[in-house]
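Just so we're on the same page: letters track the sequence lines, and every chain starts at 1. Atom set for the values below is all heavy atoms of this structure, side chains included, hydrogens, waters and symmetry mates excluded.
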Amino acid sequence: MLNNIKFFDTLSKDKKSFKPLSPGVVKAYACGPTVYSDPHIGNFRSFIVTDMLHRWLEYRGYNVQLIMNITDIDDKTIRDSILNKIPIKEFTLKYTKSFLRGLDLLNIKRAIAYPRATVYIPQMITFIQALLDKNVAYLTEDGVYFDIDKFPEYGKLSGIKLSETQITDRVKKDEYEKESVQDFALWKKSTLEEDNRSKNEEGIAWDASFIYNGAQISMRGRPGWHIECSVMTRSLLGDTLDIHAGGEDLVFPHHENEIAQTECLTGKLFVRNWLHIRHLMINGKKMSKSLGNFVSFDEVLSKYNADAFRYFYLNTHYRRPLDYTEDAMIVATNSVKKLENTLNLAEATLRGEENKLDYDQEEEKIIKQIENQKLSFETAMDDDLDSHTAIESLHNISGLINDYLSKNINKGVLLKVYLIYKKLLDSLGFFQKRESIGDELTQNLVNVVIDLRNEYRRNKNYEKADALRKKLASLGIILLDNAEGTIWKKEN
RNA sequence: GCCGGGUUGGCUGAGCGGUUUAGGCGGCUGCCUGCAGAGCAGCUCUACGGGGGUUCGAAUCCCUCGCCCGGCUCCA
């Protein structure tokens with residue numbers, strides 16, 4: 001594994017050479033969704049970037065153990081399941097499925113697990129008890145809290161200085177019984193309403209008992225948000241993660257709190273590389289439900305395909321602002337189509353006749369040029385996942401292959417450069433669901449129709465020739481005439 | 001109030017002191033075509049939020065002002 005991957009690490013605020021703890025294996029964790037509504041296109045920026053990270057590490061030969069959590073218990077899942085009059089388990093399952101469907105539609109490679117918070121309640125209780133035992137947490141009437149004064153490094157990730165931080169309305173409105181407003185909940189005692197509801201409904205409250213100051217105290221309730229990730233990362237990946245990724249909004253307080261909990265418990269470094277993804281904007285503004293500029297995932301995919309969408313996301317570096325606009329999507333659609341056309345042309349040509357068996361300067365030149373572009377691509381990706389520069393190389397390769405295709409080609413050489421191109425596209429997750437061109441019989445049948453049409457064309461019977469082309473098009477088979485003859489591709 | 005990011009041609013989006021006005025998209029012309037599509041070749045757009053300054057030279061460094069985005073307790 002001779003490479004020099006570097007990632008920008010939020011903690012050190014610098015690009016760092018990436019070296020996993022165990023050679024060849026990457027333990028990675030990305031914060032997933034809270035399943036209380038359909039995911040929107042903003043959420044998918046971080047999921048696509050995580051997918052790119054996943055694919056790139058695999059391209060570089062790592063065994064990537066990626067975990068993405070699903071938060072299926074919190075204030076919003078409780079609130080909205082009541083509003084919708086659906087049992088919480090059914091409610092969260094619905095949106096978990098919606099999330100997974102989105103991953104598939106966008107060709108996002110699956111993580112090895114999508115653990116749900118509610119499955120890890122016993123481990124959370126154990127974790128919280130351990131923090132109480134270490135005297136870094138305390139128990140009050142309404143919950144268990146982490147005492148941030150016990151963790152002197154608190155703030156090291158976000159750079160936040162609590163003394164200079166404004167106490168916002170949200171903090172002021174906090175009604176919990178905490179010693180300090182900055183402390184955060186590890187366990188929340190159920191409200192009366194939740195308690196009643198939980199008598200005939202699973203997934204809202206759990207029995208727990210904690211030993212505090214020598215006394216055993218029962219407290220039916222639910223975990224705080226931050227403890228989920230600390231517990232699931234530890235249960236599935238161990239004390240130290242190579243990479244922890246998520247949206248930029250999670251830096252504070254979520255990830256800051258995860259560090260505090262986990263490092264207090266284990267005494268070890270929690271995460272070696274923190275990777276945060278910038279939020280998506282829309283028409284220059286923050287995307288939010290309250291502003292009414294919220295775009296659903298299905299709405300976008302009804303207008304633009306998954307590859308256009310992926311191109312839109314990856315054409316800008318993941319730490320740069322990205323603005324969703326119609327213009328940007330049109331540019332992405334056209335640009336990605338151009339990259340795909342090269343695949344279509346090369347594949348059609350590879351299906352065609354052999355017409356050059358020699359290897360001369362032309363062949364030597366294109367192989368060398370494409371190897372160089374491949375190197376630029378890899379260098380860019382190694383440099384903190386610079387997908388924008390990598391895509392530039394893809395355009396260069398596309399142009400080189402197109403140029404070669406316009407000449408007398410050697411199929412062996414074409415196949416060689418085609419496979420390089422395909423592999424690089426694959427590493428960014430492009431064109432994962434290309435239409436199959438069918439079996440041999442289908443191909444032969446299409447060729448029969450093409451021959452027939454070309455006979456009509458030779459006889460200048462263009463009406464019949466066009467009618468055949470139209471009929472094939474209705475089956476998704478697109479004919480392209482060029483100087484050497486007719487080639488075809490499959491479209492859906 | 002405190003902290004961080006951004007502001008580039010018709011669009012998208014690099015560049016972070018000096019070989020070409022990066023690429024890509026779009027538009028135009030030519031080649032190829034019965035038409036269409038794709039491809040190729042060439043052309044077009046000479047832009048860097050405003051104002052100062054440093055420098056032989058600034059999109060790039062410094063100051064200042066404006067606007068936008070994000071974080072400041074549960075939002076990817």
Query raised in the report: Has A:Lys338 got a side-chain N or O lying under 4.0 Å from the OP1 or OP2 atom of B:C25?
Result: yes

Query raised in the report: Separation of A:Tyr311 atom OH from B:G24 atom P, in whole Å?
Result: 9 Å

Query raised in the report: Just checking A:Lys489: base, sugar-phosphate only, or nothing, at a heavy-atom cut-off of under 4.0 Å?
Result: nothing

**Report entry** Ion pair A:Lys374/A:Glu378, N-O distance below 4.0 Å
**Finding:** yes

Query raised in the report: What is the nucleic acid contact for A:Gly246, judged by heavy atoms within less than 4.0 Å: base, sugar-phosphate only, or nothing?
Result: sugar-phosphate

Requested in this report: Could you tell me whether A:Gly224 contacts a base, only the sugar-phosphate backbone, or nothing, with contacts defined as non-hydrogen atoms closer than 4.0 Å?
Outcome: nothing

Query raised in the report: Across the strands shown, which category fits A:Glu248 at heavy-atom distances under 4.0 angstrom: base, sugar-phosphate, nothing?
Result: sugar-phosphate

Query raised in the report: If you measure from the P atom in B:U7 to the same atom in B:G15, how many Å do you get, rounded?
Result: 10 Å

Query raised in the report: Distance between the C1' atoms of B:G34 and B:U44, in whole angstroms?
Result: 31 Å

**Report entry** Distance, P atom - from B:C68 to B:C25, rounded to whole angstrom
**Finding:** 33 Å

Report task. Please name all residues satisfying ring-ring contact (aromatic ring centres under 6.0 Å, His included) with A:Phe309, sequence neighbours left out, ordered by chain then number. Result -> A:Tyr313

Report task. Pick base, sugar-phosphate or nothing for A:His317, based on heavy-atom distances below 4.0 Å to the nucleic acid. Result -> sugar-phosphate

**Report entry** Given B:G34, B:G23, B:C72, the nucleotide with the shortest approach to the side chain of A:Glu392
**Finding:** B:G23

Query raised in the report: With A:Phe297, which residues qualify under ring-ring contact (aromatic ring centres under 6.0 Å, His included), at least two apart?
Result: A:Phe44

Query - Euclidean distance, atom NE2 of residue A:His388 to atom C1' of B:C16 [Å, nearest integer] - result: 15 Å

Report task. Give a yes-or-no answer on whether the side chains of A:Asp481 and A:Thr486 include a donor-acceptor pair shorter than 3.5 Å. Result -> yes

Query raised in the report: What is the nucleic acid contact for A:Leu250, judged by heavy atoms within less than 4.0 Å: base, sugar-phosphate only, or nothing?
Result: sugar-phosphate

Query raised in the report: For B:G39, does either OP1 or OP2 sit under 4.0 Å from a side-chain N or O belonging to A:Asn341?
Result: yes

Report task. Can you establish whether the number of heavy atoms outside A:Lys356 located under 6.0 Å from its atom NZ is more than 12? Result -> yes

Query raised in the report: OP1, OP2 of B:C40 versus side-chain N and O of A:Asn402: anything below 4.0 Å?
Result: yes

Query raised in the report: What string of B, S and - do you get for nucleotides 6-11 of chain B, 5' to 3', when a contact is any protein heavy atom under 4.0 Å?
Result: -S---B

Report task. For B:U20 and B:C63, measure between their C1' atoms and round to the nearest Å. Result -> 33 Å

Query raised in the report: What nucleic acid atoms does A:Arg79 come within less than 4.0 Å of, heavy atoms only: base, sugar-phosphate, or nothing?
Result: nothing

Requested in this report: Determine the contact category for A:Thr50: base if any of its heavy atoms lies under 4.0 Å from a base atom, sugar-phosphate if only primed atoms, P, OP1 or OP2 are that close, otherwise nothing.
Outcome: nothing

Query raised in the report: Taking everything shown except A:Lys460 itself, do over 12 heavy atoms lie less than 6.0 Å from its NZ?
Result: no

Query raised in the report: Would you say A:Glu193 has more than 12 foreign heavy atoms packed within less than 6.0 Å of its CD?
Result: no

Query - Interatomic distance, A:Asp249 CG vs B:C72 P [rounded to whole Å] - result: 8 Å

Query raised in the report: For the pair made of CE in A:Met281 and P in B:A76, what is the distance, rounded to whole Å?
Result: 18 Å

Query raised in the report: Using Watson-Crick and G-U wobble pairs with both distances under 3.5 Å, what is the 5'-to-3' dot-bracket string of RNA chain B, with [ ] for crossing pairs and | for pairs outside the strand?
Result: (((((((..(((.....[....)))((((((.......))))))....(((((..]....))))))))))))....

Query raised in the report: Considering only heavy atoms, which members of residues 373-385 of chain A lie under 4.0 Å from some atom of RNA chain B?
Result: none

Requested in this report: Check ring-ring contact (aromatic ring centres under 6.0 Å, His included) between A:Tyr418 and all other residues, then give those that pass, not counting sequence neighbours.
Outcome: none

Report summary line: Closest to the 5' end of RNA chain B, once A:Ala185 and A:Gly399 are matched to their nearest nucleotides, is A:Gly399

**Report entry** ring-ring contact (aromatic ring centres under 6.0 Å, His included) pairs, two or more places apart, involving residues 369-394 of chain A
**Finding:** A:Trp56-A:Phe377

Report summary line: Of A:Asp74 and A:His395, the one whose closest nucleotide on RNA chain B sits nearer the 5' end is A:His395

Query raised in the report: B:C16 and B:C11: how far apart are their P atoms, nearest whole angstrom?
Result: 23 Å

Requested in this report: Report which part of the nucleic acid A:Ile401 touches: base, sugar-phosphate, or nothing (heavy-atom distance under 4.0 Å, all strands).
Outcome: nothing

Enumerate the protein-to-nucleotides 43-46 of chain B contacts in which both atoms are nitrogen or oxygen and the separation is below 3.5 Å.
none

Query raised in the report: With a non-hydrogen cut-off below 4.0 angstrom, is A:Arg319 in contact with a base, only sugar-phosphate, or nothing?
Result: nothing

**Report entry** Partners meeting side chain to side chain donor-acceptor pair (under 3.5 Å) with A:Arg79 (sequence neighbours left out)
**Finding:** none

Query - Distance in angstrom units between A:Glu340 CD and B:G24 C1', rounded - result: 17 Å

Query raised in the report: Just checking A:Asn344: base, sugar-phosphate only, or nothing, at a heavy-atom cut-off of under 4.0 Å?
Result: nothing

Report task. Calculate the interatomic distance between A:Asn283 atom CG and B:C69 atom C1'; express it in whole Å. Result -> 14 Å

Query raised in the report: Taking atom P of B:G26 as reference, at what distance in whole Å does atom CD of A:Glu326 sit?
Result: 17 Å

**Report entry** A:Tyr311 and A:Phe430 aromatic ring geometry - parallel, tilted or perpendicular at 30°/60° bounds
**Finding:** tilted

Report task. Compare side-chain N and O positions of A:Ser158 against OP1 and OP2 of B:G71 and report whether any pair is under 4.0 Å apart. Result -> no

Query raised in the report: Do other residues, nucleotides or ligands put more than 12 heavy atoms under 6.0 Å from A:Lys470 NZ?
Result: no

Requested in this report: With heavy atoms under 4.0 Å as the rule, sort A:Leu280 into base, sugar-phosphate or nothing.
Outcome: base

Query raised in the report: Can you name the ring-ring contact (aromatic ring centres under 6.0 Å, His included) partners of A:Phe8, sequence neighbours left out?
Result: none

**Report entry** Qualifying residue for salt bridge (Lys or Arg N to Asp or Glu O under 4.0 Å) with A:Asp384, from A:Lys16, A:Arg319, A:Lys6
**Finding:** A:Arg319

Query raised in the report: From the list B:C69, B:G39, B:U12, which nucleotide is the closest neighbour of the side chain of A:Lys285?
Result: B:C69

**Report entry** Sugar-phosphate, base or nothing in reach of A:Ile330, heavy atoms under 4.0 Å
**Finding:** nothing

Query raised in the report: Under 30°, 30 to 60°, or over 60°: which ring-plane class applies to A:His255 and A:Trp274, parallel, tilted or perpendicular?
Result: tilted

Requested in this report: Can you figure out which of B:C69, B:C72, B:G23 approaches the side chain of A:Ile160 most closely?
Outcome: B:C72

Requested in this report: State whether a side-chain donor-acceptor pair under 3.5 Å links A:Tyr154 with A:Asp149.
Outcome: no

Report task. Mind checking side chain to side chain donor-acceptor pair (under 3.5 Å) for A:Asn402 and listing every partner two or more places apart, or none if nothing turns up? Result -> A:Thr342

Query raised in the report: Rounding to a whole Å, what distance do you find between A:Arg453:CZ and B:G34:C1'?
Result: 10 Å

Query raised in the report: NA contact type, A:Asn334, heavy-atom cut-off 4.0 Å: base, sugar-phosphate, or nothing?
Result: sugar-phosphate

Requested in this report: Output all residues satisfying side chain to side chain donor-acceptor pair (under 3.5 Å) with A:Tyr404, sequence neighbours left out; order by chain, then residue number.
Outcome: A:Glu363

